[in-house]
J.: 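Quick one: structure below, then a few questions.
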Amino acid sequence: MAAQTSKVVLSLDAKDVNSIKDGVNFKKNPNDGKCYIIFKSSDGFKACKNQCKHQGGLFIKDIEDLDGRTVKCTKHNWKLNVSSMKYVNPPDSFLQEELEVELLDDGGMQLVELNPIDPWLTDPRECQELQPGEVKITYFTHACMELQFGQKRFLFDPWLRGPAFARGWWLLHEPPADCLDRLCAADLIYISHLHSDHLRYLEQSKVKLTNIKVTPFGIWQNVDENLRFMILMDGVHPEMDTCIIVEYKGHMILNTVDCTRPNGGKLPENVDLMMSDFAGGASGFPMTFQGGKYTDSWKAEFIKTERKKLLNYKTTLVKSLQPRIYCPFAGYFVEAHPSDKSIRDTNTKNKAEDLNALINKLAPEIKTWTPKPGAVLDLGLALKDPTSSEAIIDPPANTKIYKDSWEFDLYVNELNSAISSEIFKHQSWIQFYYTWAGFQNYNLVVRMIETDESFKPLNNGYDYLVDFLDLTFPSTRPDREHSYIEIKNRIGVMRYVVLHGCLWDDLYIGFQNRISRDPDVYHHKFWNHFQTQLPLRCPDWGAFLQQAPPIQETVASAYEGLMNYCSVL
């Protein structure tokens, strides 16, 4: 176990301490410019960094807070109650890490940060010179890279064919023709998290992996005498996202993948190669939201601002870590299906070239690489001479870079086949499914509506309420005060998700629903459950059909109507 270290991050003398007023106080260290928050109450002092857990934004006083306990992030309006160190927007979500407050005998104060040693510094290895061709990094598509270390091949996040998130995301790039053979020949495959754009091919092909290993965080995993790797968790979504450090002969490669705040912002500096996402546009918010402020023009302006923030955040992160080489990837997707044209037109994304250009401007000492499918980076050559024309081998001139065909019907028909499943003849599937999902004791009522491609409710589709306070299914909204969400889902995708027990990311991140809410509040606890915490085994529909009551005549009639709808699809 690594030893814990402590560091005094801010010192105040007695005069400064006496000037601290009740409630929220903002303080800056004059030596390094870093900012902190101190909360004073009758119970004493609490303190934390003035840094949002989301993307490191700066907190300011929340003018809507009447109790003087809440601060608001300037980036995305996340709100933190400093008296409890709990985030109140999104509610029921995260805790802020506290600093130790030490009161000194002379009346002064110190804020102390307690940290374990950076795990990648344990068992350090001396850098050895790399020979040309010894370490090669080949870009396939989206987040999939192949790393060759001597005779070993390491593959990252294989989405190589078909759509991800049901039918919402499609590959932008055409992967190399031999990518599937190279996947099968890999010695190691790293799957950073369970989103389908990181393991779609393994899902689709039903490949039987014989040596699956869930590795602990922050501990070196030795592959051979020269090669090892370490998995780190995301600071914002530790239940979901991870990132990886791979080391070969003392040379480190850092891949932060999709992590919002990888390892809480503590990462190795001066690695030989750093890779990360760059594009944005990977959330259902705000594209799937309707009503109130969510007009097309508001969405377009919001997305423009968010992409700019992400571009600056990634640039600042790369500049602070000073890798020798930086490569943006894990963002090359497109909403290609014709029914999602409005999403594609509005949900613009950052370009890797723009991020690299900004890095080149602000940190010209860092070499950048914008990869093409099949392009190869020879790490040894690049480290010896970053300007070498031989360090990067681009694919042949006639190589197809961008996809122009996606076999839409094949995959959409597979999803729509769920519409005719026997279980949906029985209205009691609703109670069976949500009981299986296991979410309740939360004051939220959700209306679920099955729709056609254009999100128009189907005459014969299901339209029902779920009261998650007591997991009941009322015919009308309850009289008590409650939060309310209305979700319209494309019938094929929703039924496929229900039938197979899939996470709701297929609906939300895949842009397959439209959402309105009253009040306009993000319910983290609800979404986190249906996006990350559903049971590992899908519902036992066989047992359900054995115990299901006889089909009601009205349900049978509606079912026949839907079959007529399906025949038109």
J.: Step by step, would you call Asp224 with Arg228 a salt bridge (charged side-chain N to carboxylate O under 4.0 Å, His left out)?
T.: CA-CA 7 Å; Asp224 58 31; Arg228 61 183 181 173; over 6 Å; no

J.: Can you find a heavy atom in the side chain of Leu130 that is under 4.5 Å from one in the side chain of Leu379?
T.: yes

J.: Can you measure from CG (Leu160) to CD (Glu174) and round to the nearest 0.5 angstrom?
T.: 11.0 Å

J.: Taking the six-membered ring for Trp, are Phe278 and Tyr332 parallel (under 30°), tilted (30 to 60°) or perpendicular (over 60°)?
T.: tilted

J.: Between Arg344 (side chain) and Glu335 (backbone), is there a donor-acceptor pair under 3.5 Å?
T.: yes

J.: How close do Pro328 and Pro371 get, counting heavy atoms only, and between which atoms?
T.: O-CD, 3.6 Å

J.: Heavy-atom count check: over 12 atoms from other residues, nucleotides or ligands less than 6.0 Å from Gln151 CD?
T.: no

J.: Evaluate whether atom CZ of Arg324 has more than 12 neighbouring non-hydrogen atoms of other residues, nucleotides or ligands under 6.0 angstrom away.
T.: no

J.: Here's one to test your reading of the geometry: is the NZ or CZ of Lys349 within 45 degrees of the ring axis of Phe333 and under 6.0 Å from its centre?
T.: yes

J.: For atom NZ of Lys266, decide whether the heavy atoms of other residues, nucleotides or ligands shown that lie under 6.0 angstrom number more than 12.
T.: yes

J.: Hey, is the main chain of Ile509 close enough, under 3.5 Å, to the side chain of Trp169 for a donor-acceptor pair?
T.: yes

J.: Out of Lys53, His54, Lys79, Gln96, which one pairs with Tyr87 under the side-chain hydrogen bond (donor to acceptor under 3.5 Å, both in side chains) rule?
T.: Gln96

J.: Under the criterion side-chain hydrogen bond (donor to acceptor under 3.5 Å, both in side chains), which of Thr256, Asp277, Asn350 is the partner of Lys314?
T.: Asp277

J.: So Ile245 and Ile253, do their side chains get closer than 4.5 Å, heavy atoms only?
T.: no

J.: Compare all side-chain heavy atoms of Cys48 with those of Ile37 and state whether any distance is below 4.5 angstrom.
T.: yes

J.: Do the side-chain N and O atoms of Asn360 and Thr368 include a donor-acceptor pair separated by under 3.5 angstrom?
T.: yes

J.: Are any non-hydrogen side-chain atoms of Trp78 and Asn89 less than 4.5 angstrom apart?
T.: no

J.: Tell me whether the rings of Phe156 and Tyr190 are parallel (<30°), tilted (30 to 60°) or perpendicular (>60°).
T.: perpendicular

J.: Students often mix this up, so state it plainly: with edges at 30° and 60°, are the rings of Tyr496 and His500 parallel, tilted or perpendicular?
T.: tilted

J.: For His195 and Phe165, I'd like to know if the aromatic rings sit close, meaning centre-to-centre distance below 6.0 Å.
T.: yes

J.: Would you find a donor on one side and an acceptor on the other, under 3.5 Å apart, between the side chain of Gln322 and the backbone of Lys319?
T.: yes

J.: Taking the side chain as everything from C-beta on, heavy atoms only, tell me whether Met287 gets closer than 4.5 Å to Thr346.
T.: yes

J.: Kindly compute the distance separating CG (Asp505) from CG (Leu534), expressed to the nearest 0.5 Å.
T.: 9.5 Å

J.: Using side-chain heavy atoms (C-beta onward) and a distance below 4.5 Å, is Ile38 in contact with Lys46?
T.: no

J.: Tell me, with the steps shown, if Arg167 and Asp506 meet salt bridge (charged side-chain N to carboxylate O under 4.0 Å, His left out).
T.: CA-CA 8 Å; Arg167 40 172 282 196; Asp506 283 350; over 6 Å; no

J.: Got a donor-acceptor contact below 3.5 angstrom from the Lys367 side chain to the Pro386 backbone?
T.: yes

J.: Assess the pair Phe526 and Phe439: is the distance between their ring centroids shorter than 6.0 Å?
T.: yes

J.: Would a 4.5 Å heavy-atom cut-off, applied to side chains only, mark Leu172 and Lys403 as touching?
T.: no

J.: For Ile401, is there any backbone N or O sitting under 3.5 Å from a side-chain donor or acceptor partner on Thr399?
T.: no

J.: Using the rule side-chain hydrogen bond (donor to acceptor under 3.5 Å, both in side chains), only one of Gln128, Glu134, Arg125 pairs with Tyr248; which is it?
T.: Glu134

J.: With no hydrogens and no angle check, is any side-chain donor or acceptor of Asn528 less than 3.5 Å from a backbone partner on His524?
T.: no

J.: Take atom NZ in Lys372; do more than 12 heavy atoms of anything else shown fall under 6.0 Å from it?
T.: no

J.: Test side-chain hydrogen bond (donor to acceptor under 3.5 Å, both in side chains) on Asn347 and Arg307; report intermediate values, then the result.
T.: CA-CA 10 Å; Asn347 193 33; Arg307 300 300 168 265; 3.1 Å; yes

J.: Within the supplied structure, the quantity of interest is the number of heavy atoms (other residues, nucleotides, ligands) at a distance under 6.0 Å from Lys86 NZ; does it exceed 12?
T.: no

J.: For Glu129 and Lys384, what are the C-alpha separation, side-chain angles and deciding distance, and is it a salt bridge (charged side-chain N to carboxylate O under 4.0 Å, His left out)?
T.: CA-CA 9 Å; Glu129 184 176 351; Lys384 279 184 180 179; 3.1 Å; yes

J.: Angle class for the Phe289/Tyr294 ring planes (parallel below 30°, perpendicular above 60°, tilted otherwise)?
T.: tilted

J.: Do Glu113 and Lys49 pass the salt bridge (charged side-chain N to carboxylate O under 4.0 Å, His left out) test, and can you show the C-alpha distance, the side-chain angles, and the key distance before you say yes or no?
T.: CA-CA 9 Å; Glu113 182 179 17; Lys49 291 182 178 180; 2.9 Å; yes

J.: Check the pair Ser192 / Asp157 against side-chain hydrogen bond (donor to acceptor under 3.5 Å, both in side chains), numbers first and verdict last.
T.: CA-CA 7 Å; Ser192 60; Asp157 289 326; 3.0 Å; yes

J.: Does the Ser93 side chain pair with the main chain of Pro90, one donor and one acceptor, at a distance under 3.5 Å?
T.: yes

J.: With a 3.5 Å distance limit and no angle check, can you tell me whether Gln221 reaches the backbone of Ile219 through a side-chain donor-acceptor pair?
T.: yes

J.: Is there side-chain contact between Glu247 and Leu227, with at least one heavy-atom pair below 4.5 Å?
T.: no

J.: Around atom OH of Tyr402, are there more than 12 heavy atoms of other residues, nucleotides or ligands at under 6.0 Å?
T.: no

J.: With a cut-off of 6.0 Å (strictly less than), are more than 12 heavy atoms of other residues, nucleotides or ligands near NZ of Lys34?
T.: no

J.: Tell me if a side-chain donor or acceptor on Asp187 pairs with a main-chain N or O of Arg153 at a distance below 3.5 Å.
T.: yes

J.: Between Phe329 and His142, is the ring centre distance below 6.0 Å?
T.: no

J.: Kindly check if the number of other-residue, nucleotide or ligand heavy atoms within 6.0 Å of NZ (Lys27) is above 12?
T.: yes

J.: Mind checking whether Phe154 and Phe229 have ring centres under 6.0 Å apart?
T.: yes

J.: For Arg182 and Gln148, which I'm curious about, is there any donor-acceptor pair between the side chains at under 3.5 Å?
T.: no

